[in-house]
Structure formats: structure tokens, C-alpha cells
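Working notes for the structure below.
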Amino acid sequence: MFFSCFLGKRGDDTQWQAALDDHARWLGLAVHRESCPCGEGWLFAAAWLMPAAAPGFLPIRKREEQWSCSTDTGLADEAALDAEIGRAEKPGAFNYPDNPIITFLPENRTLRITVPPTAPEQCFVAVDHRGLMMGNDLRLLRRWKPGALDPAAVYALLQFRAIPPPLSLYTGIARIPNGHQFLGHAGEASLTFTPFFFPAQAGTREELTLISEEEALHRFQQHLDENLHGLPDSSLLFFSGGVDSTLLAARLAALGKKKVQLVNFTFGPEDPEGKLALEMAALLGMPIEQLAYHEEEFPGMLTRIGREFSFPFGDSSAIPVNLMIHATLPRVGSARTVIEGVGPDQTFGAKLQDKKWGWAEAAPALVRGAAAAVYKGMALWKKESPPGTMANILRKRWQMPREQAQIMAINALNGIAYATPEPLRRELDQAIHLHYHRLGEGLDADDLSCLINLLHFSIGTVCAKSTDLYRLYGLRPVNPFMAREVLELSFALPHHIRCAQGKPKSLLKKLAARSVPPALIYRPKQGFDPPLARIARHPVMLEYLHSLVLNDANPLLAYLHKPVMKKMVGWIEGGRRLSYDAYRFIWMVLFASLWLDQQD
């Protein structure tokens, strides 16, 4: 749920309370506050913004020596909260709470915030003369402490589609990195982030070095089942028909939970993925509802970006996810539980086995530099082509380390559509090293790439597509692949077991193929991206590109090469088909521009 807390002098919390009330009013939520006065006029206060006017169980434990609370208002009872608080006391590699835990120690006025590695919400802190504020909604912190755009964060958004911590979009507001614990003190401006999530330290890694594939399959199925068997029958499972959602559906069916409703989103009657999803559901004997993309709903989604996403990011699949969740709201069962298959693309990925990237890695710097120049000089980014694809890879690898180039960067347009200054480039490198790489100490290159993909992509964009909608409309998401035990096993299993012969998700595919015909599993899989070439020509999107993105009042335009942006928009308007990189870049710029323009 949306949460915030404040630590400062009594009376200095007035503006914090006003920001809470204004934000709740804008979102259509109710505020529930709790406060803890302590010595010498100091005050700690916590607040939840919730759809219901009266919560059932408020996740806060008040003791004289310590106040502790969770951002999760879906916790069942005090015992569940106590378990979460206990895991936050001394967090470790795979001993941490499911959701952020906030602890206040009145004796020394210390605030400790534990953010799990897989927390879907992003947590931010800000400090000034009024006190210290924390919240899991960037927009709320900006209400309390307005600030200018952070240039390094903006360039990160343009290059990496998400902003690495501790940066946030605004100066003066820092993001607590996932897998870290924040420590702050009343009256002090210093912010301390201490990492605790080191997957290489998992006790099971050494034990499983020589595990057989059959034993790995058995253990993974067992852990997955443990996280599925307690889910209510009224749950919904977002079902693409791909490996991850099919495996979840198959295990639910095997556990006797065939009443769980599958929900599939299709881009039209000829969408092959939609047809396969129906076939999969029939084989598993589970009910399925298929929702279709309707172009007339797209403009409405654009008008909701500022309210339904708490920070900007660049992922065009936010379009179908947003439309699907809105279409699902009237169908949500009494438990209001939604099951997602987030995680395996990252933890069971085999990015470093890609042959094109392997060739680029082996290429001399001179070749990379020459290809980078050709990519720009011949404008190979304008349209999709095999030479353009290879030059794109070489250019990205020429500009940055491999893990950034292959895992994080979504375009090779730095130096074409925008230009990141070298000092800011170094600032981004440092953030990535401290808060991504550092957590990977002791991992080999394959597992490190999986970890960076998990922290940056899963948390920065995949979860961002749905998390705020769930919070806004009172839904409870469940991500079985991100559960502690499942995640620990995912990192403990040797990479050659998870991805046999360099094939991503090979272990999961073998497990899923035990429940449905292997031919439905071992096939090329389309992503969940919408038809961007068609959507980009939508009259409403074109109108926004002209009136908002290219408007001199757009704060993002100062970071872009306007002539190049005007050319892109003109080509789209003229019916020219651009490269996938160009479309993704245009969408990301539009999304961020709309987000900024729609802030209350």
C-alpha cells in the first residue's frame, strides 16, 4: 500500500500531513495516521493511504522501546507482522521481510528501513530543516520537497529505461536500493544505505553444486507448490500461455486449484499467443477469460499515466498491462488476489550465451568504435535491419560495459537523440557498481547478469507496470517466483542446471512440459509488447508528440536533441516504419513527458 513516515520536531510535521492529505485526495484514498511523540519535542509518525476508510488490521507494533510497521496492509494479523519484523532485525542473503519494514527507536531517535530485494514498490527518503520523510511514492515526496529534475537520473531513463538507486528523478530525494537497509537519525542530514542481499552467501549454494537435474526439478516444484497451495480459489492468474504462467497454472491444477481464473490479454483474433493460451487452459481444465486490445481504449490510458504510476519508466508493455488490469477490476474475486509470473526471465536468463553479444564482446575496440560511427553516420537506427542490429550491439558495447549494454540499455541513441555528459556517465557507473554489482560479490558472470537483470529490469520496469494499479485499487499481488525460498533456490542452482546448454529457462520448460504437450512449451515465444508501429501512428499519440513532447515547455526536451526528435515524429506521421529501438525510445519519452505533465 502507499505508505509514508516522518521524523522531526513536533509542529514540523504540518506540511507532511498536508502533503499526505492532498495526495490522498488526488488518488481518491483515505489516510490512516499513527504518531509516537518522544523526548525533547521529537515526533515519529507513520501513515498509510488506502482505498478503505477503515482498515481491518493496521500493520504497526507499538512498544515502548521500538515502533515497527510494514507498508503491507494485507498482513493477516499480529503474528504475521511479528514474523516480518523479526526478519528485518538482522536481514541476510535470503532472510528478509516480504515487504519494507520501518522501525523507529525512540531512545536514540533512529529510523531503520529494510527494503527487500524483491519489493515491488520503490522507497524514497528526503531530509531538510523540517525533518526526515520516507515514502514509497515518489510523487508524495515531491509534494513535500519540490525539486528540479536530476540530470543523471534523466539520462539514465533515456538510456536504461529505469533509474538506478540511490538516484531518483528529482534532486534532494534519494531512493533506498532494494536489498539494502537505510539508517537515519533525527536532526541529521546524512543518509546511510547498507547492503544485506548477497545471493552468493546463500547456505545452499555449495550444497547444490553437484545437484542432478531431476533433483533440481523436484526441489523447484516443491518450493513453488508451497507458495501456491494456500492461495484462495477466487484468485486470478494473468496468463500469457508462456512458460512462466503455464507452469504456475499447471501447478495450481495439480494442487486441485482448478477454480483459479486465468486471464489472458490478446492483441486481436489472429494473435497466435492468444490462441495458444486458450489451448493451454483447455488442456489444464481451468477457466479462462480472454480480454482483447481495443485501440479506442489507448487514449484513456495515456490520460491516466500520472495518476496510475508513481514514477516514470520506459516499457511499452505497460500499455496492455494497464488495459488488462482495468478490464479485470470488475471480475476480481472476494480475495482480490492476483497471481503474476514475474522473475524467471531474469533469474533463469542466459544473456551471456547470446552469440551476437559474444561476438561483440570478442571484437576489438577499434571494430566497435567503427561500427558505432557507422550506426550514427548511416542512420541505421531509422529502420530495422540485420546490419543495423549488429551495429546497434557494437555501439552499445563500445559506449559502456557489457552488463549495462546488454542488460540495461534499451537503445544505442546516446550521441544521436541525446548525449550523456561524461561526469554524469561516471555518476551512473558508480551507482550501478555500488548498488547492483556490489550485491553480486562472489557470483560468476552468468549469475551476476541474472542479478543485475532482476534488480534493474524486474524492479525498475516489470513490477512498475502493475504495482501502483494494485495499490490504487486494493488488489493483492502474489509473485511465487519471487518468494524467498524460490528465489534462493534459483540462485543456488548452478547456472548450467537452470539454463542447460545455454538455453534460458530450460529447467522451467522441462517442468512445464510434464503437464502440457512439449510442443506447446518448446516454441518461439512472442513478447507482451503492443504493436508499437501502429500505436505510434494513433492520432492521439501523434497529437501528444507534437503538443507535449516537442513543446519547449517540456522539461525533458532540454535533455534531447530536438531536431532528431522532430525527424522521428515526422517519419512516424508520414507512415515510415522505424526500428524497434526508435519506437521504444519514442514511447519512453512520451510516457515520461505525460507523467511529468499530469502531476497534481
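With hydrogens and angles disregarded, no donor-acceptor distance shorter than 3.5 Å links the side chain of Ser168 to the backbone of Arg175. Panel note: side chain His456, backbone Phe160; a donor-acceptor pair is recorded below 3.5 Å. Side chain of Arg130 to main chain of Trp144: a donor-acceptor pair is present (N/O by atom type, distance under 3.5 Å, no hydrogens or angles). Between the side chain of Asp150 and the backbone N or O of Leu169 there is no donor-acceptor pair closer than 3.5 Å. Remark: the backbone N or O of Arg584 is not paired with any side-chain donor or acceptor of Ser316 at under 3.5 angstrom.
Around CD of Glu297, the count of heavy atoms belonging to other residues, nucleotides or ligands within 6.0 Å exceeds 12. Open room surrounds CD on Glu64; 12 or fewer heavy atoms of other groups in view lie less than 6.0 Å from it. Within 6.0 Å of atom CD in Gln599, more than 12 heavy atoms from other residues, nucleotides or ligands are found, so the atom counts as buried in its surroundings.
Contact annotation: the side chain of Leu27 approaches that of Arg139 to within less than 4.5 Å [non-hydrogen atoms, C-beta and beyond]. Between Gln66 and Phe104, the closest side-chain pair of non-hydrogen atoms is not below 4.5 Å. Annotation: side chain of Phe239 is not in contact with side chain of Met286 (no heavy-atom distance under 4.5 Å). In this structure the side chain of Pro120 never reaches within 4.5 angstrom of the side chain of Met482, judged on heavy atoms. Using a 4.5 Å heavy-atom cutoff, the side chains of Leu247 and Leu224 are in contact.
Taking the six-membered ring for Trp and thresholds of 30 and 60 degrees, Tyr96 and Phe196 have ring planes inclined between 30 and 60 degrees apart. Relative orientation of the Phe238 and Tyr470 rings is parallel, given thresholds of 30° and 60° on the angle between their planes. Relative orientation of the Phe265 and Phe267 rings is perpendicular, given thresholds of 30° and 60° on the angle between their planes. Relative ring orientation between Trp587 and Phe298 is described as tilted, the plane-to-plane angle lying within the 30° to 60° band. A perpendicular orientation is assigned to the rings of Tyr155 and Tyr559, their planes being inclined by more than 60° (bins at 30° and 60°).
Here the shortest heavy-atom pairing between Pro312 and Phe591 reads CA-CE2, 3.8 Å. Scanning all heavy atoms of the two residues, the minimum distance from Pro165 to His435 falls at O-CD2, 3.4 Å. Between Pro166 and Ala431, the shortest heavy-atom distance links the atoms CD-CB, 4.2 Å.
Side chain to side chain, Thr103 and Trp67 fail the donor-acceptor criterion of an N or O pair below 3.5 Å. Between the side chains of Asp468 and Ser310, at least one donor N or O sits under 3.5 Å from an acceptor N or O.
Cation-pi contact between Arg307 and Trp595: absent, since separation from the ring centre below 6.0 Å together with deviation from the ring axis within 45° is not met.
Salt bridge annotation for Asp98-Arg484: present, with a cationic side-chain nitrogen under 4.0 angstrom from a carboxylate oxygen. Ion pairing of Lys465 with Asp315 is present here, as a side-chain N (NZ or NE/NH1/NH2) and a carboxylate O approach within less than 4.0 Å. Under a 4.0 Å N-O distance rule, the pair Asp72/Arg471 does not qualify as a salt bridge.
For Glu84, the side-chain hydrogen bond (donor to acceptor under 3.5 Å, both in side chains) partners at least two apart in sequence or on another chain are Arg87. For Lys9, the side-chain hydrogen bond (donor to acceptor under 3.5 Å, both in side chains) criterion is met by no residue, not counting sequence neighbours.
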Side-chain donor-acceptor pairs of residues 36-44 under 3.5 Å, sequence neighbours excluded:
none

Inset, instruction - Evaluate salt bridge (charged side-chain N to carboxylate O under 4.0 Å, His left out) for Arg112 paired with Glu89, printing each intermediate quantity in order. - result: CA-CA 10 Å; Arg112 185 177 69 229; Glu89 288 296 328; 3.2 Å; yes
